[in-house]
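Just so it is clear, the values below take in all heavy atoms, side chains as well, and ignore hydrogens, waters and symmetry mates. For the single chain, residues carry numbers from 1 onward in sequence order.
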Amino acid sequence: MLGNYIREDVWWITAGTAGDPQAIEEYRVLLTSIIKLKMSLGCFLVEESGGRVLVGMNMCMPQEKERFVEHNPPKTKAGLLSLRMFSEAVKVPAIYDKYNVDVYLMGAGLSVTPEYRGLGLAVELLKSRMLLTKEGGLSVTGGIFTSAPAQRSAEKAGMVCVYQIPYKQFGEQCNIDFNTTTEDLKIFAINV
């Protein structure tokens, strides 16, 4: 997540996170707090020697309606920009309204190592997230899908687009100029 993801994801590129060591450290603290919730998924390649290599990750956390994620407020420009984007996106009640829930399992980042892309691992991570949602006692999973490849993976996994907005329009709402060729920001979800 601190490597390819922050160098390739629309939000983190726009915020400039990868180029700021302090912003990377702020993100590390946030990721650590998400991992401690024990609701994230990893995809490992098992080597012949018995070792394992992490090749994919889907960070996940319960997201409650009208309750913002507890966090240490960022101090860096990149951290503040990413917080502004997230704050604006979570104002959208589409998942809560469509599925009539007050909490759902939210994806907080999905990444596959470049050499293992194109094999369907992102789709399988999303399908595994659906099982984790059930096992965690929730009925809905979803989240903000920022890039076209992630959006295609969500569709292939059977998730439904419940909200979409052109990045240009979303950027005007946030007062941010998004650095992306992806046309729309989309929120996907599914009742499991």
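Taking the six-membered ring for Trp and thresholds of 30 and 60 degrees, Y27 and Y5 have nearly parallel ring planes, at less than 30 degrees apart.
Checking side-chain atoms of S40 against main-chain N and O of I35 turns up no donor-acceptor pair under 3.5 Å. A donor-acceptor contact shorter than 3.5 Å is absent between the side chain of E124 and the backbone of C43. At distances below 3.5 Å, not a single donor-acceptor pair connects side-chain atoms of R129 with backbone N or O atoms of M106. Side chain of R7 to main chain of G3: a donor-acceptor pair is present (N/O by atom type, distance under 3.5 Å, no hydrogens or angles). The backbone N or O of A23 lies less than 3.5 Å from no partner atom in the side chain of T17, so there is not a single donor-acceptor pair.
L37 and M1 fall within a single hydrophobic cluster, where Ile, Leu, Val, Met, Phe, Trp and Tyr side chains are chained together by heavy-atom contacts under 4.5 Å. Hydrophobic clustering places F86 together with Y104 (ILVMFWY residues linked when any side-chain heavy atoms are closer than 4.5 Å, directly or through intermediates). Both L54 and I6 are assigned to one and the same hydrophobic cluster, defined by single-linkage of ILVMFWY side chains at heavy-atom distances under 4.5 Å. If you chain together hydrophobic residues whose side chains sit under 4.5 Å apart, I190 and V103 fall into the same group. Note on V10 and L80: separate hydrophobic clusters, where clusters join Ile, Leu, Val, Met, Phe, Trp and Tyr whose side-chain heavy atoms are under 4.5 Å apart, directly or indirectly.
Residue M85 holds its CE atom at 7.5 Å from CH2 of W12, rounded to the nearest 0.5 Å. Within the model, atoms NZ of K36 and CE of M61 stand 14.0 Å from one another, a figure rounded to the nearest 0.5 Å. In this structure, L121 CG and T113 OG1 are separated by 9.0 Å, a value rounded to the nearest 0.5 Å. Here the straight-line distance linking atom CH2 of W11 with atom CD1 of I144 works out to 4.0 Å at 0.5 Å rounding. Note that the CE atom of M59 and the CG atom of L110 stand 11.5 Å from one another [nearest 0.5 Å]. The OG atom of S111 lies 10.0 Å from the CE atom of M57; values are rounded to the nearest 0.5 Å.
Around CG of D97, the count of heavy atoms belonging to other residues, nucleotides or ligands within 6.0 Å exceeds 12.
Across all non-hydrogen atoms, the minimal contact from R52 to F44 is CB-CD2, 4.0 Å. Shown here for T180 and T182, the closest heavy-atom pair between the two residues is OG1-N, 2.9 Å. What you find for G42 and L125 is that their closest heavy atoms are C-CD2, 4.2 Å. Of all the heavy atoms in N58 and G109, the pair that sits closest is ND2-O, 3.0 Å. Minimum interatomic distance between S82 and A15 (heavy atoms only, all atoms of both residues): N-CB, 4.2 Å. The heavy-atom pair separating T14 from L81 by the smallest distance is O-CD1, 4.3 Å.
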What's the verdict on side-chain contact (heavy atoms from CB on, under 4.5 Å) for V160 and Y99, showing C-alpha distance, side-chain angles and the deciding distance? CA-CA 11 Å; V160 176; Y99 298 103; 4.1 Å; yes

Would you please test E115 and L45 for side-chain contact (heavy atoms from CB on, under 4.5 Å) and show each step? CA-CA 12 Å; E115 56 270 26; L45 173 67; over 6 Å; no

Worked check of side-chain contact (heavy atoms from CB on, under 4.5 Å) between I95 and I187: CA-CA 8 Å; I95 294 175; I187 296 176; 3.6 Å; yes

Evaluate side-chain contact (heavy atoms from CB on, under 4.5 Å) for Q63 paired with V140, printing each intermediate quantity in order. CA-CA 10 Å; Q63 178 63 49; V140 174; over 6 Å; no

Side-chain donor-acceptor pairs of residues 165-175 under 3.5 Å, sequence neighbours excluded:
from	atom 1	to	atom 2	distance (Å)
Y167	OH	T146	O	2.6
Q173	NE2	E88	OE2	3.0

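At a threshold of 4.5 Å between non-hydrogen side-chain atoms, the residues D20 and K77 do not count as touching. The shortest distance between side-chain heavy atoms of K65 and V101 does not fall below 4.5 Å. Here the side chains of E8 and P114 are in contact, with some heavy-atom distance below 4.5 Å.
Listed by chain and number, the residues in a salt bridge (Lys or Arg N to Asp or Glu O under 4.0 Å) with K186 amount to none (sequence neighbours excluded).
Each of E25, E26, Q22 was scored for a side chain to side chain donor-acceptor pair (under 3.5 Å) with T76, with one residue passing: E26.
Between R152 and E155 there is no salt bridge, since no side-chain N of the basic residue sits under 4.0 Å from a carboxylate O of the acidic one.
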